[in-house]
Amino acid sequence: LVVSGSLWAFSPLAIGLAVLVAVLSVLPFRGRLRVAIDRRFDRARYESRQKLENLARSLPHVVDRETLARQLEEAVTRSMQTRWCLLFVEDRATRKLQFQKGRIAPSAEISRMTFALDEPLCQYLKGKHVVFEPPLSSIGAETEEVMTSAGERLRKLQAEVVLGLGGAELHGLVVLG
């Protein structure tokens, strides 16, 4: 690109093109390079991701809901470094998400708490969103509707993050604090 004595020798255009070529030549290796750097310098993040992937692989084999709740709580609190994790699972008879007992023993009020599958929080999570963050939710009409319907329960839970389980068909909530 740079020819001695040329008008282009030290021009910003020539330098910019050289940088662009260098960046484009590295792009195919970016993913592998990032994994290597994560392993080397961000070991906790890499190990957390591995634990969550192992949990995801083992979930289809778990039949007992209490075991599922305990495994999920352990994996999530370790990998995401949360104080606690609560699981709410669909009760097909009532079509509500009910607290699933795990290793954490919450108050009687929390253990009786439910979320209806047709309420705005569940609709929000089974739509295009997977995560809801109550502390940051005062933005927009859609999140305002969620907080109007579920805000009091989320405050009692001291929820910082709510994750939807199941995608298009919501089957549970993971509430983190």
Side-chain angles (χ1 to χ4, degrees), residues 30-31 34-35 37-38 42-60 62 64-177:
R30 183 175 172 255
R34 182 171 183 180
V35 168
I37 289 171
D38 283 351
D42 193 2
R43 191 72 182 166
R45 179 175 172 222
Y46 177 76
E47 288 174 354
S48 296
R49 184 176 184 163
Q50 290 297 108
K51 287 176 188 172
L52 288 175
E53 287 174 2
N54 290 339
L55 173 68
R57 280 192 290 277
S58 71
L59 286 180
V62 176
D64 177 25
R65 285 186 174 195
E66 279 190 42
T67 304
L68 170 67
R70 275 195 311 278
Q71 287 181 356
L72 187 64
E73 287 172 12
E74 288 174 15
V76 170
T77 52
R78 271 195 227 134
S79 64
M80 299 181 81
Q81 298 176 351
T82 61
R83 293 172 303 190
W84 50 264
C85 166
L86 299 175
L87 177 63
F88 289 82
V89 181
E90 179 184 4
D91 177 4
R92 291 195 174 124
T94 63
R95 301 275 304 144
K96 291 185 177 186
L97 301 175
Q98 298 180 336
F99 174 72
Q100 179 60 52
K101 183 180 176 229
R103 64 182 176 92
I104 296 174
S107 68
E109 180 182 17
I110 290 174
S111 62
R112 287 190 307 268
M113 197 175 286
T114 63
F115 294 91
L117 287 171
D118 58 354
E119 73 175 76
L121 173 64
C122 295
Q123 295 301 311
Y124 180 86
L125 290 170
K126 84 176 191 182
K128 60 185 176 274
H129 309 284
V130 177
V131 178
F132 180 70
E133 297 178 81
L136 305 175
S137 64
S138 59
I139 307 162
E142 191 176 22
T143 55
E144 187 175 321
E145 185 180 356
V146 170
M147 286 306 290
T148 300
S149 87
E152 185 61 32
R153 285 172 287 166
L154 295 174
R155 277 188 282 285
K156 286 180 182 175
L157 291 170
Q158 297 176 353
E160 292 178 18
V161 176
V162 181
L163 306 170
L165 300 176
E169 287 298 317
L170 191 67
H171 298 291
L173 298 176
V174 177
V175 181
L176 306 174

From K126 atom NZ to L121 atom CG, the distance as rounded to the nearest 0.5 Å: 12.0 Å
For the student: nearest non-hydrogen atoms of E119 and A150, plus distance: OE2-CB, 3.7 Å
Partner set under side-chain contact (heavy atoms from CB on, under 4.5 Å) for Q158, not counting sequence neighbours: W84
Selection residues 91-101 - residue pairs positive for salt bridge (Lys or Arg N to Asp or Glu O under 4.0 Å), sequence neighbours left out: E90-R95
Q123 side, atom CD; D118 side, atom CG - distance, nearest 0.5 Å: 6.5 Å
Partners passing side-chain contact (heavy atoms from CB on, under 4.5 Å) against V89 (at least two apart in sequence or in another chain): R65, L87, Q100
Side-chain touch L173/L163, heavy atoms, less than 4.5 angstrom: no
Flag side-chain contact, heavy atom, 4.5 Å: L86 against L157: yes
Exercise: identify the closest heavy-atom pair between P120 and V146: O-CG2, 3.7 Å
With sequence neighbours excluded, residues passing ring-ring contact (aromatic ring centres under 6.0 Å, His included) with F88: F99, F115
Any residue meeting side-chain hydrogen bond (donor to acceptor under 3.5 Å, both in side chains) with E152, in chain and number order, not counting sequence neighbours: none
4.5 Å side-chain heavy-atom contact, M147 and L154: yes
Over all atoms of both residues, closest heavy-atom pair of C122 and L97: SG-CD1, 3.7 Å
Under 3.5 Å donor-acceptor, R153 side chain and T114 backbone: yes
Steps toward side chain to side chain contact (heavy atoms under 4.5 Å, CB included) verdict (Q98, M113): CA-CA 7 Å; Q98 298 180 336; M113 197 175 286; over 6 Å; no
